[in-house]
Amino acid sequence: MEVKVRFAPSPTGHLHVGGLRTALFNYLYAKKVGGKIVLRIEDTDQSRKVENAVENLISTFEALQISFDEGPVQGGDYGPYFQSERLPIYNEQIKLLLEDGKAYPCFCSAEKLEEARKKQSETKQTIKYNRQCLKLDAAEARKRMEKEPHVIRMKVPGEEEVLFYDVVRERVAIRCEELDDQVLIKSDGFPTYHFANVVDDHLMGITHVLRGEEWLPSTPKHVILYQFFNWKQPKFIHLPLLLNPDKSKLSKRQGDVAVEDYLNKGFLPETLINFVALLGWHPKNEQELFGLAELEKEFSLKRINKSGAVFDIEKLKWMNSQYLKNLPIETIMNYAEPVFKAEGLETTDVGKFQAVVENARKRVDTIHEMIEHSTPFYTEVQFSDEDKNLLRNEPSQKVVTFFSKKLSNKSNWTEAEIKILVNETAEKTGVKGKDLYAPLRLALFGAAHGPDIPLLIDILGVDEAINRLKVQI
RNA sequence: GGCCCGUUCGUCUAGUGGUUAGGACCCAGGGUUUUCAUCUCUGUAACAGGAGUUCGAUUCUCCUACGGGCUACCA
């Protein structure tokens, strides 16, 4: 049987890094075994709907080059792929359960339920529905359903326990008496996650459910639903949670969680994919840098971890710096171009832009940090009083004067020749070490630290270099 | 409160019934480099605790502790 997995986000905002991890593991597993991956939008909560969330999600996946075989964009034979468009399907299925007595209507008001829960909480009981409406006369209940607001609940069976096997955690068992009669259909006619998820997974032919560990406690309810319908269960693979530095579930309160935020800060799609792949999963060997294609080959459910993983931004930065250094220069230039333009830096001189990027890429962790190292090549340098004093002192003047004069002699300098010229300058002026290099770099670049003098002049161009030096004399 | 899941360096993790418990990030120090960065070398640092099984447990079992998740007409 062909493997089919799905990523089923609810459109409540931007794609979360935890969501990316779930999507990625699904994607990688599908690719690894030659299966299919479905994108299904779980928009059953009308009150939490966010405008443009779906468009946003889709464009983020595009930026990451993760594609789906079925979904809102590419269609497919098992649609619609928005749960809000599948209401007739849920309706049909709930009727079956109602007829079999495996589900029942409940007319209790939200206030009443809230009160009951409060009471249970105070008396330290297990919090669950008291099954009041289960006692209702069937005919009467049917009549009331016509005009009264109500929900449909599942009737948890009286068996001892529900048992299922999670691929990561193996055997998981829970006593049925612990389970609540979960609401399946809400009073607005929409299904809850628990119901829609089971119905859709079955109807869409999903064979493996990879999702976050937060779903583990409600899986027994899903298992019961599969049993009610006499449907084959998919394999469950619950992924360890992504954590804040304090080990709580990764959340907005402790920094960025949206994939978009990281992209906007200059982290590369390649980095995000690689980094998130290593949270809760590990390869066979000690390799850490993986492209998507490599991950597709390496991925295995067997090497998924059990315990939660802290999202460590320091390591993310390091990994991003590795990609900045090692990806083809053209790739980095493509990522950098819009960022440079937004900062008003001119990228039309491609040769210069490339040289600037080449210099900056090995000094930073993100695309955005490249700006700081590149601006001096494009804009007039600014000097502090301290800098000015240093440039004005006698040895500095000797160095700058001699060097710029010699530099003017010809226009086609190689880096090697400039290196020789620097040495000659030291010899002729008698200035050396820090006193020699500091004024040159300061005049050319506006900073005490930075690229080699030959590289500096190469990027700037001899004419501009001479200009910058002469201003200081 | 109840239920469920988890626990190897600060973090991501490897690993085994007998190992000097390995790698990566971070941090510290050395080397390369005129500076900075890169690169490179080295170092610091972990099996939560207790009991049991065993000739021997980090590894297997149980208990405790701690951490987390769930406990909605949210997903």
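All chains are named by letter (A, B, ...) in the order of the sequence lines, taking the proteins before the strands, and each is independently numbered beginning at 1.
Checked against the 6.0 Å centroid criterion, the rings of A/F275 and A/Y262 do not qualify as a close aromatic pair. You'll find the ring centres of A/F236 and A/Y165 outside the 6.0 Å limit. The aromatic ring centres of A/Y29 and A/H208 sit less than 6.0 Å apart. Aromatic pair A/Y27/A/F68: centroids not less than 6.0 angstrom apart. Side-chain rings of A/F7 and A/F61 approach one another, their centers coming within less than 6.0 Å.
Rounded to an integer number of Å, the gap from A/K362 NZ to B/U40 C1' is 16 Å. The distance between atom NZ of A/K315 and atom C1' of B/C25, rounded to the nearest whole Å, is 5 Å. Here B/C25 presents its P atom at 7 Å from CD of A/E288, a figure rounded to the nearest Å. B/C27 atom C1' lies 13 Å from atom CG of A/D312, rounded to whole Å. Between A/K306 atom NZ and B/C5 atom P the separation is 11 Å, expressed in whole Å. Going from atom CH2 of A/W318 over to atom C1' of B/A37 covers 17 Å, rounded to whole Å. Look at CG on A/L455: it is 16 Å from P on B/U38, rounded to the nearest Å. In this entry the distance linking CG of A/L436 with P of B/U34 reads 12 Å, nearest Å.
Annotation for A/F107 and A/P149: closest pair CD2-O, 3.8 Å, computed over non-hydrogen atoms. Residues A/N197 and A/H194 come closest through the heavy atom pair OD1-O, 3.8 Å. Of all heavy-atom pairs spanning A/S321 and A/D365, the tightest one is CB-OD1, 3.4 Å.
Across B/G50 and B/A65, the matching C1' atoms stand 10 Å from one another, rounded to whole Å. Comparing the P positions of B/A21 and B/A28 gives an interatomic distance of 27 Å, to the nearest angstrom. Remark: the separation of the C1' atoms in B/A24 and B/C66 is 27 Å, to the nearest Å. Across the C1' atoms, B/U58 and B/U42 are found 27 Å apart, a figure rounded to whole Å. B/U59 and B/U44 have their P atoms separated by 25 Å, with the value rounded to a whole Å. The same atom, C1', is picked in B/U8 and in B/A57; the two are 15 Å apart, to the nearest Å. Between B/G18 and B/C60, the distance separating the two C1' atoms is 15 Å to the nearest Å. Between the P atoms of B/A45 and B/G10, the separation comes to 11 Å (whole Å).
Taking a pair to require two hydrogen-bonding distances under 3.5 Å in either a Watson-Crick or a G-U wobble arrangement, B/C27 pairs with B/G43. In a base pair of the Watson-Crick type (N1 to N3 plus N6-O4 or O6-N4) or a G-U wobble (N1-O2 and O6-N3), with each distance short of 3.5 Å, B/G17 is matched with no nucleotide. Searching all strands for a Watson-Crick or G-U wobble partner of B/A57 with both distances below 3.5 Å returns nothing. When Watson-Crick and G-U wobble pairs are counted only if both distances are under 3.5 Å, B/G67 pairs with B/C5.
Using a 4.0 Å heavy-atom distance criterion, A/G433 is classed as making no nucleic acid contact. Here A/A309 lies in heavy-atom contact (under 4.0 Å) with sugar-phosphate atoms only. Base engagement by A/P451 is indicated by at least one non-hydrogen atom pair under 4.0 Å involving a base atom. Residue A/N305 is in sugar-phosphate contact alone, with no base atom involved, counting any heavy-atom pair closer than 4.0 Å across all strands shown. Among the heavy atoms of the strands lying under 4.0 Å from A/G280 are primed sugar atoms or P, OP1, OP2 only; no base atom is included.
Between A/W215 and A/H222, the ring-plane angle classifies as tilted under the 30° and 60° cut-offs.
Where A/L279 and A/A438 meet RNA chain B, the nucleotide closest to each residue was compared, and A/L279 sits on the side nearer the 5' end.
Distances from the side chain of A/P454 to the nucleotides B/G15, B/C4, B/U34 place B/U34 closest. Comparing atom distances between the A/E178 side chain and each of B/C26, B/U34, B/C3 picks out B/C3 as nearest.
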- What does nucleotides 65-75 of chain B look like as a protein-contact string, B for base, S for sugar-phosphate only, - for none, at under 4.0 angstrom between heavy atoms? --SSBSSSBBB

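For the OP1/OP2 pair of B/A14 and a distance below 4.0 Å, the side-chain nitrogens and oxygens of A/H282 include at least one atom meeting the criterion.
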